[in-house]
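Model, not experiment: these values are computed from the prediction. If you read the sequence from its start, that first residue is 1, and numbering goes on from there.
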Amino acid sequence: MSPIPAAALDAPSPHSEVRRLLALAWPVMLTSLNWTLLHVTDVVVVGLAGTEEVAALGASRSLTFVGIVVVLGWLSGVLVFAARADGARDLPATGRVLHEGLVAALLLGLASGGVLLAFAEPLLRLLGVSPALAPAAAAVVRAMAFAYPFQLLTIATSFFLEGISRPRLVTAVNLGVLPINALLAWALVGGHLGLPALGAVGAAAATAIASAIGAIVLLACVLRLPDRAVRHVGRWRGEAAPRWSGVRALLGFGLVPAIASGLELVGFAVLIGLSTQLGTETAHAFQIVFSIHNVTFAVALGLGSAAGVRAGNGVGEGVPHRAIQRGVVAAVLAAAATGLLALVLLLSAGWITGLFPATADVHLLAGAMLLRWAPFILFDGVQVVLVYTLRALGDQVMAGANSILAFFVVTGGAGWLLVGAGVGPLALAWASGLGMLVAALLHGARLAQLARRMGKVSGLPRPGASA
């Protein structure tokens with residue numbers, strides 16, 4: 001039997017681990033909430049321009065959300081590799097991960113932005129957006145394409161900072177960008193401050209400008225980190241110089257998460273496309289529910305990131321069995337947090353949906369959808385944490401396969417079947433929730449399988465077993 005690493009014998013108590021997870025999670029929650037508020041702000045501001053403009057914005061997101069989530073998954077290796085290097089206390093390696101992540105982000109940003117510029121309308125039609133709405137939605141997509149390179153640079157830098165347990169800096173920069181985006185969106189959507197009234201296209205243009213500002217400021221902050229010298233941050237030569245082999249390793253690690261994330265969101269994009277076929281009122285109502293979902297998802301994403309960092313630290317420390325334990329603790333926290341949010345939504349669905357500018361019929365329909373969907377967010381929170389834990393363990397391929405099955409096959413397929421069967425707008429909520437439930441079950445089963453295998457191979461205690 002191989003010797004047990006010292007880190008395995010110096011394990012923090014469960015209460016200590018909870019505190020560390022929460023310390024890592026809450027800044028990421030705020031950062032994710034910031035991104036969500038940015039999109040919710042767009043829905044609110046564009047709603048003042050009319051239901052048709054909101055429908056165009058919502059339809060455009062069936063493509064732009066897929067694009068950004070694909071490249072976000074493709075860069076997931078930055079967080080994993082940075083956390084592993086930080087756990088192993090190889091600080092120069094963390095700087096190299098950052099540099100290689102920035103190269104990968106720029107390549108992906110230019111490529112994905114170019115695809116959206118060139119093929120916006122055909123891709124929207126492929127996703128099921130109604131022909132009448134596709135031209136207006138395509139104009140919004142083309143405006144958003146200019147944001148992609150800047151957003152991906154921000155994502156790579158954010159993953160690096162999260163991986164070295166510095167998420168608060170990301171939060172501060174993103175919260176600073178939020179009011180800039182809100183002001184620009186208000187001005188460009190409605191034609192204020194002497195700017196043209198561009199409707200939904202104006203909201204996308206505001207996001208592109210705000211994304212550029214955020215990327216520049218965040219990179220400038222990274223170059224001023226207190227330990228930048230020992231991490232070799234900003235040194236593009238020597239030990240921390242980016243290597244094409246490292247860039248390829250990052251992109252190779254992220255390939256399956258990218259495909260899985262894209263197909264996962266395609267499942268939801270199918271629901272958005274189906275909502276446009278059910279009428280502009282349904283499209284507007286589903287966009288409201290989708291925006292509320294993004295708020296609750298921010299909580300899950302924060303705990304998921306924390307789990308990924310702590311699990312990655314465990315792999316770097318040489319104690320992967322503790323990586324699983326940390327993931328389980330984070331999953332329990334996610335279940336508690338999202339379960340509480342579900343209760344709040346169930347008790348105040350009508351009031352929450354009424355906060356969005358819309359007609360009375362849209363409010364009524366959105367409230368009905370939210371009541372069906374809310375109970376499932378508990379499973380959504382758990383599955384996000386489990387995905388991050390599996391990725392940190394190097395099991396991103398199986399995690400991706402499970403996500404594809406749950407969200408692309410189950411959610412997308414159930415949406416088509418239920419709408420085709422005449423269930424109507426509520427079919428969108430049921431299909432979404434069913435995918436969340438299946439994902440939590442599949443990821444949980446996979447993590448349990450890995451825990452059993454790890455216990456047999458290493459001889460170390462399995463999660464939940466007495467030491």
Side-chain angles (χ1 to χ4, degrees), residues 36 58 61-63 65-66 68-70 72-73 127-128 256-275 277-278 282 285-301 303-304 331 334-335 338-339 341-342 345-346 368-391 396-421 423-447:
T36 300
R61 290 180 174 178
S62 69
L63 178 57
F65 273 10
V66 171
I68 201 67
V69 168
V70 166
L72 192 150
L127 289 173
V256 173
I259 295 171
S261 298
L263 290 177
E264 175 180 334
L265 203 56
V266 166
F268 286 100
V270 167
L271 300 186
I272 294 175
L274 290 170
S275 74
Q277 296 181 13
L278 293 171
T282 299
F286 190 64
Q287 191 61 215
I288 290 173
V289 173
F290 199 70
S291 297
I292 296 170
H293 162 264
N294 289 338
V295 173
T296 64
F297 191 72
V299 175
L301 199 59
L303 286 164
T338 52
L341 287 173
L345 292 177
L346 288 170
M369 287 184 182
L370 187 58
L371 286 173
R372 273 72 176 180
W373 169 82
F376 291 98
I377 68 170
L378 184 152
F379 302 104
D380 199 29
V382 171
Q383 69 90 16
V384 170
V385 168
L386 296 179
V387 165
Y388 272 81
T389 303
L390 290 170
R391 288 179 182 175
Q396 73 275 14
V397 174
M398 278 304 301
N402 288 341
S403 294
I404 291 171
L405 178 58
F407 293 109
F408 179 65
V409 177
V410 174
T411 292
W416 280 108
L417 290 174
L418 292 173
V419 170
V423 175
L426 297 182
L428 307 176
W430 290 121
S432 174
L434 185 59
M436 296 172 187
L437 173 60
V438 172
L441 293 175
L442 290 175
H443 294 316
R446 178 59 178 176
L447 192 65

To the nearest 0.5 Å, what is the distance between [atom1] ([X]) and [atom2] ([Y])?
X	Y	atom1	atom2	value
Leu441	Leu386	CG	CG	10.5 Å
Leu405	Thr411	CG	OG1	10.0 Å
Leu303	Thr389	CG	OG1	10.5 Å
Leu274	Phe286	CG	CZ	9.0 Å
Thr282	Leu426	OG1	CG	9.5 Å
Gln383	Tyr388	CD	OH	10.5 Å

Heavy-atom pair of closest approach, residues [X] and [Y]:
X	Y	value
Gly415	Leu271	CA-CD2, 3.8 Å
Ala439	Phe407	CB-CE1, 3.5 Å
Val397	Val256	CA-CG1, 3.7 Å
Ala300	Val384	O-CG1, 3.6 Å
Leu278	Val419	CD2-CG1, 4.3 Å
Ala429	Trp373	CB-CB, 4.0 Å

Identify, with sequence neighbours excluded, every residue that meets ring pair (Phe, Tyr, Trp, His ring centres under 6.0 Å) alongside Phe290.
-> Phe65, His293

Residues which pass ring pair (Phe, Tyr, Trp, His ring centres under 6.0 Å) with Phe408, listed by chain and number, not counting sequence neighbours |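 Ring pair (Phe, Tyr, Trp, His ring centres under 6.0 Å) check on Phe408 returns nothing, list empty.
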
Which of these, Ile377, Asp380, Leu301, sits in a side-chain contact (heavy atoms from CB on, under 4.5 Å) with Thr296?
->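 Exactly one candidate clears the test, Ile377.
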
Checking side-chain contact (heavy atoms from CB on, under 4.5 Å) for the pair Ser261/Val70: CA distance, chi angles, key distance, verdict?
-> CA-CA 5 Å; Ser261 298; Val70 166; 5.6 Å; no

Test item: Arg391 and Val387 side chains (from C-beta on) under 4.5 Å apart, heavy atoms |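 Yes, close enough: below the 4.5 Å cut-off.
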
Going by heavy atoms in the side chains, are Leu390 and Arg446 under 4.5 Å from each other?
->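 Yes, at least one pair of side-chain atoms sits under 4.5 Å.
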
Ser403 side chain to Ala399 backbone, donor-acceptor under 3.5 Å | yes

Could I get the full list of side-chain hydrogen bond (donor to acceptor under 3.5 Å, both in side chains) partners for Gln287, not counting sequence neighbours?
->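 By the side-chain hydrogen bond (donor to acceptor under 3.5 Å, both in side chains) rule, Gln287 matches Arg61.
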
